[in-house]
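Here's the structure, in structure tokens; my notes come after.
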Amino acid sequence: MNEKELDLLLQKADELRSLFVLGQRVIPFLEEIFVFIKDIQPMLDEINVSINENLKKIPGASEKLSKVTEANEMATAEIMDSLDKVFDQTTQFSSNNKKLKEFYDNISRKPLKLLEILHKAIQQGSDLEEILPSLASAISKLNNINSNEIELIEKNNESIVNSINDDASAIMMSLQVQDISAQQIAAVDHMIRAVQNKLQRILTQFKDTDLSELSTSSLMAEEPNENISSFHRDIAFDPNAIDSITGDGNRQEGIDELLKSHAAGEDISLEPKEDSDEKAAENEATAPDDIDAMFAGGGSDEAQEEAPAGEVSQVDEAINPDDIDAMFASGGNDDAQEEAPAGEVSQVDEAINPDDIDAMFAGVNDDEPIDPNDIDAMFSK
Amino acid sequence: MKFLVVDDSPTMRRIVINALKSFGWTEVTQAGDGEEALEQLRSEMVDFVITDWNMPVMTGLELTKAIRADAQFKHLPILMVTTRGLKTDIIDALKAKVNNYVVKPFTPPVLKEKIDAVLGALKK
């Protein structure tokens with residue numbers, strides 16, 4: 001080995017020594033990095049779990065919103081069915097009104113006309129004996145018409161009004177879906193805000209804070225578990241509210257059984273149980289109600305069957321025949337108001353003034369003799 | 001008979017009040033949460049409380065407990081009307097001493113039946 005080669009060897013050895021010196025200085029730093037990574041690993045795992053858990057809630061929320069939409073569609077369909085029935089019934093009611101008006105026009109004025117004819121006959125000194133059979137026949141026909149046609153129309157109107165009341169009640173009950181939807185939307189909103197806040201906090205911490213100062217507890221802090229969402233008003237919610245509509249059993253019956261058992265002094269496990277399976281069973285919803293029954297309200301046949309007779313009658317106010325009188329006194333429907341000459345209807349209940357009769361029958365020729373056939377003709381319809 | 005209807009949902013309050021009126025009970029007052037209900041109870045005579053469970057400020061369960069803890073109102077009949085139907089909910093309600101429990105959505109006959117049941121039990 002010559003001198004040149006020896007210098008090169010020494011130089012390499014010197015470089016190697018420098019490398020070892022550098023290594024000695026770097027190793028503690030690398031060790032710190034390893035320790036830091038080791039420390040941060042569980043936290044990253046927890047963040048990962050937290051994000052995954054929160055993300056898992058999204059499909060659940062989506063499913064609940066889907067159920068809300070379904071429940072709203074069902075309730076809307078129920079309401080529209082009830083409204084369709086109401087429209088049919090008001091059409092029928094209007095037709096009955098017309099019949100009553102025709103009846104009034106056709107029949108109710110005839111007694112007045114009879115009186116007017118009698119008055120004229122007396123004035124003229126006609127032989128009243130002659131027209132008595134015709135009068136008796138006319139009175140009999142009037143009695144028959146009163147006791148049949150009017151009663152039928154009144155009964156029909158009463159049943160229509162009862163039916164409209166049932167439908168209105170069913171509509172009112174179907175609108176409970178609004179409260180349940182609001183609760184469920186509030187629950188989903190609460191969940192979305194919780195996820196958003198958690199992700200926001202993680203991002204902010206990673207961006208602005210010295211990593212060494214990150215603590216799992218600060219990142220994993222839970223949102224306050226208060227079931228209230230702030231919309232236009234604070235809405236307190238039951239996160240499972242939608243189950244009350246979309247279930248497939250009868251929740252009320254389950255609850256009634258439980259209340260009955262409690263009232264009978266039976267043990268209904270008032271103390272929470274430790275066993276997880278039992279606890280899960282305890283937390284099971286009582287059998288969910290039948291959707292159809294829920295939204296049928298008082299309007300469905302089933303609901304009517306279930307309701308005690310007294311209750312139905314309390315819900316549906318019976319129409320009073322006086323109401324019909326009042327209705328027609330004020331003109332009833334628009335058609336009636338248009339067709340009835342002013343003052344004529346209100347005069348029915350007032351004492352008859354001979355001048356009024358004269359005015360009413362201004363077209364009747366006082367000078368003509370009374371013919372019994374006129375009376376018969378009048379009631380022959 | 002005067003009713004106090006407590007629910008944070010104005011829709012539900014109207015539905016319950018409408019049903020009560022259809023049963024012939026026209027004297028009804030209302031509150032949007034438990035705290036408001038307690039104020040109402042202190043300011044006017046009420047014979048029957050119908051309350052929701054989930055409400056802001058003070059829940060129906062807290063209201064029930066507050067009523068039962070008050071010597072003046074502890075015998076006041078309380079009917080819980082709520083969406084909550086878990087067995088643990090019913091147990092909590094029973095512990096708080098509600099008189100009866102109706103799950104939403106309800107039908108008028110069910111509401112009437114429960115009110116009558118509470119009133120009947122009180123007469124005994």
Side-chain angles (χ1 to χ4, degrees), chain A residues 75 165 169-170 172-180 182-183 226-228 233-238 240-245 247 251-252 254-256 258-259 262-263 268-270 272 279 281-289 293-298 303 306-308 311-312 314-317, chain B residues 7-25 32-34 52-60 80-95 97-118 121:
Chain A
N165 278 341
S169 176
M172 198 62 142
M173 290 302 124
S174 295
L175 289 172
Q176 288 179 83
V177 78
Q178 190 276 329
D179 172 52
I180 291 158
Q183 286 194 50
E226 200 177 26
N227 287 346
I228 295 175
R233 63 175 171 86
D234 284 348
I235 296 180
F237 60 84
D238 164 14
N240 302 313
I242 199 66
D243 296 340
S244 64
I245 296 181
R251 288 179 11 131
Q252 187 63 50
I255 289 165
D256 289 348
L258 210 56
L259 294 175
H262 177 64
I268 56 165
S269 310
L270 285 173
K279 200 166 183 176
E282 204 174 40
N283 277 322
E284 275 175 15
T286 46
D289 221 336
M294 275 175 201
F295 286 99
E306 284 168 20
E311 287 172 24
V312 175
Q314 279 169 325
V315 173
D316 309 320
E317 285 176 18
Chain B
D7 200 308
D8 60 328
S9 160
T11 308
M12 279 312 302
R13 288 203 300 270
R14 280 186 71 169
I15 289 170
V16 173
I17 291 170
N18 185 281
L20 289 175
K21 288 186 175 169
S22 74
F23 304 146
W25 288 306
D33 59 61
D52 180 27
W53 184 316
N54 294 104
M55 291 184 290
V57 187
M58 183 188 268
T59 67
M80 184 76 82
V81 180
T82 175
T83 55
R84 300 174 76 120
L86 299 179
K87 189 176 175 183
T88 47
D89 294 330
I90 320 302
I91 291 170
D92 285 345
L94 284 172
K95 276 180 173 177
K97 294 188 170 62
V98 296
N99 294 79
N100 217 318
Y101 199 101
V102 172
V103 73
K104 292 177 189 171
F106 62 86
T107 59
V110 167
L111 184 67
K112 176 77 166 51
E113 182 195 316
K114 300 302 165 196
I115 294 171
D116 285 344
V118 172

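Proteins come first, then strands; the chains are lettered A, B, ... in the order of their sequence lines, and each starts at number 1.
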Is it the case that B:Thr11 and A:Asp179 place a side-chain donor and acceptor less than 3.5 Å from each other? no
Interatomic distance, CE@B:Met80 vs CD1@A:Ile255, rounded to 0.5 Å, equals 11.0 Å
Find out whether B:Thr107 and A:Met173 are in side-chain contact, i.e. whether some heavy atom of one side chain is under 4.5 Å from a heavy atom of the other. no
To the nearest 0.5 angstrom, please state how far the CG atom of A:Asp234 sits from the CG atom of B:Asp8. 9.0 Å
Look up atom CZ in A:Arg251 and atom CZ in B:Phe106, then write down how far apart they are to the nearest 0.5 Å. 13.5 Å
Looking at CZ of B:Arg14 and CG of A:Leu175, how far apart are the two atoms once the value is rounded to the nearest 0.5 Å? 9.5 Å
Examine distances only and state if a side-chain atom of A:Gln252 and a backbone atom of B:Lys104 form a donor-acceptor pair shorter than 3.5 Å. no
Nearest heavy atoms of A:Ala236 and B:Pro56, plus distance in Å: CB-N, 3.5 Å
Could you tell me which portion of A:Ala241 (side chain, backbone, both or neither) has an atom closer than 4.5 angstrom to a non-hydrogen atom of chain B? both
Is there side-chain contact between A:Val177 and B:Pro105, with heavy atoms separated by less than 4.5 Å? no
Just so I understand: if I count every heavy-atom pair under 4.5 Å between each of A:Asp238, A:Asp256, A:Ile228 and chain B, which residue has the most? A:Asp238
Which distance, rounded to the nearest 0.5 Å, do you find between the CE of A:Met172 and the OG of B:Ser22? 9.5 Å
Hey, what do you get for OG1 (B:Thr83) to CD (A:Gln176), rounding to the nearest 0.5 Å? 11.0 Å
Do B:Pro10 and A:Gln178 have side chains that get closer than 4.5 Å, going by heavy atoms? no
